[in-house]
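The structure appears right after this line, and notes come after that.
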Number of protein chains: 4
Amino acid sequence: MPKEEQANRTFTQNARRTQIIQAAIETLAEIGYQKTSFNQISKRANLRSTGMISYHFSGKPELYSEVAATVLAMAEETTGSRMEREETFRGRLRAYIEANFEFLARYPAHTQALAQILMMDCGRDITRSQTLARSVLSVERLSLLLEQGRSAGEFGAFDALTMALAIRGALDGVLRRYLKNVDLDLERCAAELTAAFDQCTRPRQ
Amino acid sequence: MPKEEQANRTFTQNARRTQIIQAAIETLAEIGYQKTSFNQISKRANLRSTGMISYHFSGKPELYSEVAATVLAMAEETTGSRMEREETFRGRLRAYIEANFEFLARYPAHTQALAQILMMDCGRDITRSQTLARSVLSVERLSLLLEQGRSAGEFGAFDALTMALAIRGALDGVLRRYLKNVDLDLERCAAELTAAFDQCTRPRQ
Amino acid sequence: MPKEEQANRTFTQNARRTQIIQAAIETLAEIGYQKTSFNQISKRANLRSTGMISYHFSGKPELYSEVAATVLAMAEETTGSRMEREETFRGRLRAYIEANFEFLARYPAHTQALAQILMMDCGRDITRSQTLARSVLSVERLSLLLEQGRSAGEFGAFDALTMALAIRGALDGVLRRYLKNVDLDLERCAAELTAAFDQCTRPRQ
Amino acid sequence: MPKEEQANRTFTQNARRTQIIQAAIETLAEIGYQKTSFNQISKRANLRSTGMISYHFSGKPELYSEVAATVLAMAEETTGSRMEREETFRGRLRAYIEANFEFLARYPAHTQALAQILMMDCGRDITRSQTLARSVLSVERLSLLLEQGRSAGEFGAFDALTMALAIRGALDGVLRRYLKNVDLDLERCAAELTAAFDQCTRPRQ
DNA sequence: TATGAATGAGACTTCATTCAT
DNA sequence: TATGAATGAAGTCTCATTCAT
């Protein structure tokens, strides 16, 4: 009887959970939130029944939370390590933007799945949770970075939260377009965005 | 027997359609795309059965298309007229950003509903239609504005489409946060964003 | 307020009823019993609402009864007059078969509509009514013809009802095939069937 | 999660499918095609909801196809084995007619259900499928038999297809009457029809 | 007479979830 | 642990019929 609070999971249980989460990611990316059902997910996971999913997850919310957490953790790796190599806050901002594109290029399905879930998260199951707020991808973390950079005199006198929302939004806008229509040249987009936000975060005379 | 191709609608029919569209907007804004059903909408429209909705609209796609068209038309008014008053492209860009905030402040539910529909529009029923593409709010129109401004020497040498996606995305990001959490000071956000994009669209030396 | 038992109909009412009946025939022939709804019929009759049909007919059963009666009356003309010209019972049987094909060739839609209605008549609204039983097309009348011919020594000693059912069934079988697939050569079919039943009704030695 | 392409069905699934098919047959025979709904069928199958039917069959078309296939398979047994015992084509024709009556007498509900489905099969889901075309009961097979018999000199020079349509139609006509009104003496009908078609397929001088 | 808006029952279908095995 | 059959609520849609005008 799984579904316990966390821990206490056997190796097998974790394997199953991972397998299901992976299948959920693929399904969300492939057919979209609307058409994604336990049935679809279980097919992609080569499970013989949807009961398996209900058995390992308390319900759709938990499954989707786990999907989000998984993707966020992966993004954390890519992005976090990329940012830590930079010494200036300005350098970290550039790294943040570039890392977002790198992740998209490497894991489009994961990005897609996360986007789908966050968009539909109206009950705020995920958004309200700490999982997202603590992620390096979060507006909050980005806002903090800007704030610190401003204190250090690297950035101008803008409002950190608004700028963070703008940067995150701009990234999401470009990412979303790419996911719909792969014609975008990601490298060029990355360069354009880093340049743009590099410019508009400059101290204004 | 409604559901006819277009036109040919009586006064009463149009009134009902409007009423239903309005109820759909409120429902989408209030409980989100997922939970929005004909049942919920008909309750909010004080209709006795969902049959009434099916009677006036061929189905969910038509209803949602009409919702989108309605909101876009309203936005067109606010935004379009605000932009036309400007003479420079740079001025129009500022007006565009400001008008987005004005509309949001005046019609938060409409903005919310439109956002929900466009996000879920994976079948591209609406996105692919001309309704959106021709709207002032569209990335395409914004991109065109930037392109023209660049030709006129008002803007720098950035890629117009990427910048348009970024601006639209930044706006959506801030809007979305406001819709989740009304604590944002919209006027200040507007000022920050106009300043930010005014700066980063400048010709770079 | 129409819907009265019969009579008492004004000229206009009768015109409307005829118009609706005609539209029903076309609809049944074109799209089949299943898809035939008041809505479809009213469109084909250029009526502005299905209310019109309910206003002139007490319901679907009455409408379909009238359709059946109309077609049967037309068939009566074709077939009856054709048969009366014959002097022998054997001649009348041939005439009966030939007239069925003539009618089919001239009024395929009417034949189709009647067939659809009689097939679906499980409540026996029509079959049980006298309209059909009294028709020259009915098995009963055909059976009577055979009986009389037998008494007159023209036919063999078969069971009249069974033979009548067989002849009527054979005609329906060929007709139905023609209605599905117009490749049949009706004249040849008519000749074949007259010959066949001419032979098998002969007095057997 | 059933509804798979074919095979891969467990014992239980097949049992349920059979049960539902049986209930569908009874329902069709009892209340007719029009009134037969998943609701009615599920009641007769002692299922608690119509969802069960949708769970085992992809939809009405699949269910009805299976009903038709089931009945045709049963008829194949009765009729096929009865015909194979005959050595002449003429003998087989007689066997064919007699077997039809035998089947009707033994399985009136099945006959009724099949008749209902084939009559309403306007989309030709079933008729167009090979299930019917390959059945012994089909006009095609009957036509072939007549053709072969004619080549062998056993039958006269009639058109095989027309005669096959006539025989099949005659059988259906008698069968249908019996199903509506059980007063017919099936044995006598069988004798009459075999005699009749024996006579009219004779080589004519 | 005629209109057409409104109704509400009922159809089919999907789905997350439960439960006996 | 895993299976998969079963459930039943909820969803969208169709339709004959009613009724105020």
Side-chain angles (χ1 to χ4, degrees), chain A residues 1-3 9-10 12-13 15-16 34-42 47-61 63, chain B residues 1-3 9-13 15-17 34-42 47-61 63, chain C residues 1-3 9-10 12-13 15-16 34-42 47-61 63, chain D residues 1-3 9-13 15-17 34-42 47-61 63:
Chain A
M1 47 184 80
K3 291 191 192 177
R9 291 210 192 85
T10 68
T12 314
Q13 279 172 2
R16 273 273 183 261
Q34 285 290 300
K35 293 185 196 150
T36 296
S37 67
F38 278 14
N39 213 324
Q40 290 291 333
I41 295 172
S42 64
L47 298 176
R48 304 239 184 81
S49 102
T50 64
M52 192 82 273
I53 300 178
S54 291
Y55 180 70
H56 284 287
F57 295 88
S58 67
K60 249 189 172 189
L63 172 57
Chain B
M1 41 180 103
K3 287 194 197 175
R9 289 207 193 88
T10 67
F11 172 78
T12 314
Q13 274 171 25
R16 271 272 179 268
R17 283 175 71 93
Q34 280 295 297
K35 293 186 195 151
T36 296
S37 67
F38 278 11
N39 213 328
Q40 289 291 333
I41 295 173
S42 65
L47 301 176
R48 302 210 194 155
S49 87
T50 67
M52 191 82 273
I53 300 177
S54 292
Y55 178 70
H56 285 286
F57 296 89
S58 66
K60 249 187 172 187
L63 174 56
Chain C
M1 49 184 79
K3 291 190 192 176
R9 291 211 192 84
T10 68
T12 314
Q13 281 172 2
R16 274 272 182 262
Q34 284 290 299
K35 293 185 196 151
T36 296
S37 66
F38 278 13
N39 213 324
Q40 291 290 334
I41 295 173
S42 63
L47 298 176
R48 303 239 184 81
S49 102
T50 64
M52 193 80 270
I53 300 177
S54 291
Y55 179 70
H56 284 287
F57 296 88
S58 67
K60 251 189 170 187
L63 172 57
Chain D
M1 38 177 105
K3 288 193 195 176
R9 291 210 191 86
T10 67
F11 172 77
T12 314
Q13 273 172 26
R16 271 273 179 265
R17 283 175 70 93
Q34 280 294 298
K35 293 185 195 152
T36 296
S37 66
F38 277 13
N39 214 329
Q40 290 291 333
I41 296 172
S42 66
L47 301 175
R48 304 215 191 149
S49 87
T50 66
M52 192 82 273
I53 300 177
S54 291
Y55 178 71
H56 285 285
F57 296 88
S58 67
K60 249 187 172 187
L63 174 56

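The chains referred to below are lettered A, B, ... by the order of the sequence lines, with proteins before strands, and numbering in each begins at 1.
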Study note, to complete from the structure: Stem ranges of DNA chain E by first residue number, counting only runs of at least 3 Watson-Crick or G-U pairs under 3.5 Å, come to E:2-21 with F:2-21
Check your understanding: Given dT1(E), dA6(F), dT1(F), which nucleotide is nearest the side-chain atoms of Thr12(A)?
Key -> dT1(F)
Review point. Is any side-chain N or O of His56(C) closer than 4.0 Å to OP1 or OP2 of dT1(E)?
Key: no
Output a table of nitrogen or oxygen pairs between the protein and nucleotides 8-11 of chain F separated by less than 3.5 Å.
residue, atom, partner, partner atom, Å
dG8(F), N7, Ser49(D), OG, 2.9
dG11(F), OP1, Ser37(B), OG, 3.2
dG11(F), OP2, Asn39(B), ND2, 3.4

Review point. Can you find a heavy atom in the side chain of Met52(C) that is under 4.5 Å from one in the side chain of Arg16(C)?
Key: yes
Exercise for review: Check Gln13(B) against His56(B) and note the closest heavy-atom contact, atom names and distance.
Suggested key: CG-CE1, 4.0 Å
Check your understanding: So does Thr10(B) get a side-chain nitrogen or oxygen closer than 4.0 Å to the phosphate oxygens (OP1/OP2) of dG4(E)?
Key -> no
Exercise for review: Using the closest heavy atom to pick a nucleotide of DNA chain E for each, name whichever of Leu47(C) or Pro61(A) lands nearer the 5' end.
Suggested key: Leu47(C)
Practice item. Side chain of Gln13(B) only, please: which of dA5(E), dA2(F), dT17(E) is the nearest? Key: dA5(E)
Check your understanding: So which nucleotide from dT1(E), dG4(F), dA6(E) ends up closest to the side chain of Tyr55(B)?
Key -> dA6(E)
Practice item. Would you mind telling me which residue lines up with the more 5' stretch of DNA chain F, Arg16(A) or Ser58(B), judged by nearest nucleotide? Key: Arg16(A)
Check your understanding: How close do Lys35(A) and Gln40(A) get, heavy atom to heavy atom, and via which atoms?
Key -> O-CG, 3.6 Å
Practice item. Could you list the residues that satisfy side-chain contact (heavy atoms from CB on, under 4.5 Å) with Thr50(D), not counting sequence neighbours? Key: Phe38(D), Asn39(D), Ser42(D)
